[in-house]
Amino acid sequence: MSDIIDGIVAKVQESTIFRSRDYMRPEYVPDELPHREEQIKALGNVLVHAVKGEVPNNLFIYGLTGTGKTAVTKFVLSNLHKRAPDKFSFAYVNVRQTDTPYRVMADVIEFLGGKVPFTGLSTAELHRRLQRALNDARKVIILVLDEVDALIKRHGDELLYRLTRINGELSGSKVSIVGITNDVTFVDELDPRVKSSLGEVEQVFPPYNAVELEDILKRRAIVAFKPGVVNEDVIRLCAALAAREHGDARRALDLLRVAGEIAERQGKSIVTADQVYEARTEIERDRMHDVIKTLPFHSKLVLLSIVDGSRRERPLTTGEVFEIYRSLTRKLGLESVTQRRVSDILNELDMLGVITASVVNRGRYGKTKEIKLSIDRRSIMEVLNEDERLVSIWS
DNA sequence: CCTCCACCGGAACTTACGGAGT
DNA sequence: ACTCCGTAAGTTCCGGTGGAGG
């Protein structure tokens, strides 16, 4: 039995493709960040003050996804921290994953070594504990809030406002905030007081161009892949594909890594353009698979309704989707949600890229959404069939 | 030019739940 | 034992709206 495992382990160890796959993973922060020298310098200039135990200005960082915002911030902070570990510390919170004020505060407290229940406390109580934890740290604390826009959109800027003012309530420590966002327009929605205090210094991260992406990939490929496995053309292709999507470096790295994995599975010894193209579709397919699989039950039902209804070539309307959805729930003997809710679910599915919904005015025939699937019907059904609650419909 | 359809979408409220504090 | 809290999902209520057809 264990010889099967032995075989698998051996296969991994004698990979013909990768020297060390870790260098290609998105969380990996390299020792050098090419083409971001200017940004490193700018962030460094602002944040150095922490090394002397002074509070740096609050900082605001804009840039599209995969332009190195997170990597540069972490890079600068951890390097500064190495120089003066006792003068300051920093907490990094990704606000997309922990997208409520409660969780954000909880995360920061945990970062400072405190313990806090998953739920149950009032936000006021949590705020008090946060203050205490910060105060007890007795140093400068830099708070990195990655993707703050997600928090503000859902819960307003109250937390941000309180955080920017928290220094007034602390005696032992000083806090400075680094806000990162990839939505440039969101700043306008902020309370002017928050805006002015958070935006003491601003830094823009422009997208990488194809040449820069190519250089980044090349440097990574050298350490991640075995010699001769990827050639320049393959790298150039990955760079070009990613450059087309607003110069997203993470995307470029993913493409190359997955292409490598595909080549490995196919038992090839080199990566070619074919694998890069396959990687592109595989990445998209995996993303969709996860998205659909983790959908709430009624969202799945709505999606199923759309799949069913889109059999006739002609975009569906909200009302039609709702009708089909109703008949499905009746067949299953379940309660159905309201049309209002279905309307929201449709918006959610649109955001996730599963469908395209556009509002149309049909004059006398009202205003509605026209709904179309944006991905293949079969692949949706494959995922939906994994949910056993839906099985009884096919009869 | 006005009407009125078939929804859109904001906002406040409800319910069930897991958990804390006292 | 009892009260209070935040979250997630959903409901109720309701004002808004672009343009085809009269």
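A, B, ... follow the sequence lines: proteins, then strands. Residue 1 opens every chain.
Residues A:Phe18 and A:Phe225 bring their aromatic ring centres within 6.0 Å. A:Tyr62 and A:Phe60 have their aromatic ring centers within a separation under 6.0 angstrom.
Closest contact between the side chain of A:Val337 and the listed nucleotides C:dG10, C:dT7, B:dG9 involves C:dG10. You'll find that the side chain of A:Lys369 is closest to B:dC8, out of B:dC8, C:dA20, B:dG21. Out of C:dT11, B:dC7, B:dG9, the shortest distance to the side chain of A:Asn347 is found at B:dG9. Candidate nucleotides B:dC8, B:dC7, C:dG6 were compared by shortest atom distance to the side chain of A:Ser343, and B:dC8 ranks first. Which of B:dC7, B:dG9, C:dC5 sits closest to the side chain of A:Ser122 comes down to C:dC5. Of all nucleotides listed (B:dG9, C:dG18, C:dA9), B:dG9 comes nearest to the side chain of A:Arg340. The side chain of A:Pro296 lies closest to C:dA9 when the candidates are C:dA9, C:dA20, C:dT7. Among the nucleotides B:dC7, C:dG10, C:dT7, the one closest to any side-chain atom of A:His298 is C:dG10.
A salt bridge links A:Asp308 with A:Arg311; the closest basic N to acidic carboxylate O contact falls under 4.0 Å.
Residue contacts shown for A:Ser336 are limited to sugar-phosphate atoms, with no base heavy atom under 4.0 Å away. Contacts of A:Arg128 with the nucleic acid, taken as non-hydrogen atoms under 4.0 Å apart, are absent. Residue-level contact check: A:Gln339 touches the backbone only, with heavy atoms under 4.0 Å from sugar-phosphate atoms and none from bases.
Between A:Tyr365 and C:dG21, a side-chain N or O to OP1/OP2 separation shorter than 4.0 Å is present. Side-chain N/O atoms of A:Arg364 include none lying less than 4.0 angstrom from OP1 or OP2 on C:dA20.
Within 3.5 Å, no donor on the side chain of A:Arg362 pairs with an acceptor on the base of C:dG18, nor the reverse.
Relative to the ring axis of A:Phe322, A:Arg341 does not place its NZ or CZ within 45° and under 6.0 Å from the centre.
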